[in-house]
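Heads up, the thing below is written out as structure tokens.
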Amino acid sequence: MAFRLVDSMLSIDEALTLVVEHARPLSPVPTPLSDVCGRVLAETIVSDIDSPPHDKSIVDGYAVIAADVEANRTELEILEEVTAGAVPSRSVESVSATRIMTGAPLPQGADAVVMVELTQTNGNRVRIMQPTVKPGQNIMRRATSLKSGQTVLHPGKLLRPAEIGLLAEVGRKVVNVVPPPRVGVLVTGNELVDDGMVPAAGQIRNSNGPMLTALAESAGAKATNLGIARDTQDDLERAIGSGLLTQNVVVISGGVSAGVLDLVPATLERLGVEPLFHKVNLKPGKPLWFGKKRTDGGQTILVFGLPGNPVSSLVCFELFVRPAIQKLRGLLPTGLKQIAAKLRCDHQQRGDRPTYWPALFEGERVTPLPWKGSGDLRTLTDANCLAFFPAGEKLFRAGELIDLLALD
Ligand code: AMP
Ligand code: MG
């Protein structure tokens, strides 16, 4: 994409394209199985075993010869008992059976297992009560699930609990995965006090720090709280500079608009962060700033300057930071996961920018909430999605289809 002048306003799609283009997957790291949930696999996994390793019973019961029951030979001598982990010592021959537990290897000679519930025992004899016994019943054959030498997982696979179980099954204790991106969250503002404190006149609590840290963690990153920086060149330079030394992504809240103390963009440029865009045609979230810095070690650090209003911060995170984190994690960019839904009630869209509006999707319909603007985080807690309305003055009618971005 062509480089844009920093002060021109990009569309949401243009901005997202730039973000995704500059976000590159991190280098894989050998990682113990206990730490790979949610990580993306970076190697081919080949099984070193057959699974199951032997023909096995899938129920507790009796291993028999199906033809015995078919020929009405239903009173059988019990040869032995085989539990999971043990191996049979005797072959099943006509008119005999072996008591067998789930998972235990099938004895030689047997070709079916009858569930214990369909049998009656009397001393060392068992009576089969199942009228027809089919060869192969209740048996899982060796290597039915996977074969030794078979590729079971490919690079790029997101590791969920099932994949972790499979990795353990094929003997892997350590695997190469893309590590979680380190995301530092820095909030800026002379008015901010820590979330536990009582604000004095003119002050507000820092809600964005905890919110953005939680958002980064929810996106699969390892988030670090970089604290509060004051609106001075020195403090910003110190705080952002330290973030640039340790993080893959630095997310800054506040100080990117047009106020006299909005010093973040100039500070970033002084620190050698190359601006890629400033301002997106979006509501809320217009002042969004994005850039990157190459370190001496050849790594790229992405920097997002989010507007300080909490809902603007969250919307910009969902639209731009989350996709960047996903790409760093090794996931393929999927675009924004928008779905179409019908409006439950009329909605008047006003304004000159495309808008994401807090909304509730419930019972197949979406209701835009009575939201009071980008400082109104309270209403966002009633929302489970953002409803998208294109720019312009328009009355959207109940029943009309609109796009939604899911929040959870
Ligand atoms: P700014 O983007 O710095 O101009 O801030 C825009 C608005 O967001 C102002 O009303 C700030 O007080 C508010 N704000 C900035 N940072 C935070 C924060 N960390 N938590 C809550 N509100 C904030
Ligand atoms: Mg500010």
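Count residues from 1 along the sequence. If you're wondering where the values come from, they're calculated on a predicted model, not measured in any experiment. Just so you know, ligand 1 is whichever comes first in the structure, and atom 1 is the first atom listed for that ligand. Computed from heavy atoms alone, side chains included, the values below leave out hydrogens, waters and symmetry copies.
Each of the following atoms of ligand 1 lies closer than 4.0 Å to a heavy atom of Gly255: 1 (P), 2 (O), 3 (O). For ligand 1 and Val187, the ligand atoms under 4.0 Å from any heavy atom of the residue are 19 (N).
Under the 4.0 Å criterion applied to side-chain N and carboxylate O atoms, Arg270 and Glu237 are assigned as salt-bridge partners. The pair Arg397-Asp346 meets the salt-bridge criterion, since a charged nitrogen lies less than 4.0 angstrom from a carboxylate oxygen. Using a cutoff of 4.0 Å between basic side-chain nitrogens and carboxylate oxygens, Glu43 and Arg172 are scored as salt-bridged. Ion pairing between Arg230 and Asp234 fails under the 4.0 Å rule for side-chain N and carboxylate O. Taking the charged nitrogens against the carboxylate oxygens, Asp50 and Arg142 do have a contact shorter than 4.0 Å, which makes a salt bridge. Residues Arg90 and Glu80 are not paired through a salt bridge, judged by the lack of any N-O separation under 4.0 Å between the basic side chain and the carboxylate.
Not close to ligand 1: Gly189, with no non-hydrogen atom less than 4.0 angstrom away. Taking 4.0 Å as the cut-off, Gly259 does not count as a neighbour of ligand 1 on heavy-atom distance. Under a 4.0 angstrom heavy-atom cut-off, Met211 registers as lying outside contact with ligand 1.
A side-chain donor from one of Asp376 and Thr379 sits under 3.5 Å from a side-chain acceptor of the other.
Of the candidates Arg205, Gln203, Glu191, Glu191 brings a heavy atom nearest to atom 12 (O) of ligand 1.
Aromatic ring centres of Phe320 and Phe304 lie farther apart than the 6.0 Å criterion allows.
Taking atom 6 (C) of ligand 1 as the reference point, the nearest protein heavy-atom neighbour is Asn309 N, 3.7 Å. Among protein heavy atoms, the minimum distance from atom 4 (O) of ligand 1 is reached at Asp262 OD1, 3.8 Å. Ranking protein heavy atoms by distance to atom 19 (N) of ligand 1, first place goes to Asn206 OD1, 3.0 Å. For atom 20 (N) of ligand 1, the closest heavy atom belonging to the protein is Ser207 N, 3.1 Å. With hydrogens left out, the protein atom closest to atom 5 (O) of ligand 1 is Gly308 CA, 3.7 Å, a heavy atom. Of the protein's heavy atoms, Ile204 CD1, 3.4 Å lies nearest to atom 22 (N) of ligand 1.
Applying the salt bridge (charged side-chain N to carboxylate O under 4.0 Å, His left out) rule to pairs touching residues 158-167 yields Lys157-Glu163, Arg160-Glu163, sequence neighbours excluded.
Residue contacts with ligand 1, taken as heavy atom pairs separated by less than 4.0 Å, involve Leu192 solely via side-chain atoms from C-beta onward. Under 4.0 Å from ligand 1, heavy atoms of Asn208 appear from its side chain as well as its backbone.
Listed by chain and number, the residues in a side-chain contact (heavy atoms from CB on, under 4.5 Å) with Arg182 are Gln247, Asn248 (sequence neighbours excluded).
Taking only nitrogen or oxygen atoms, main chain and side chain alike, Pro310 does not reach within less than 3.5 Å of ligand 1.
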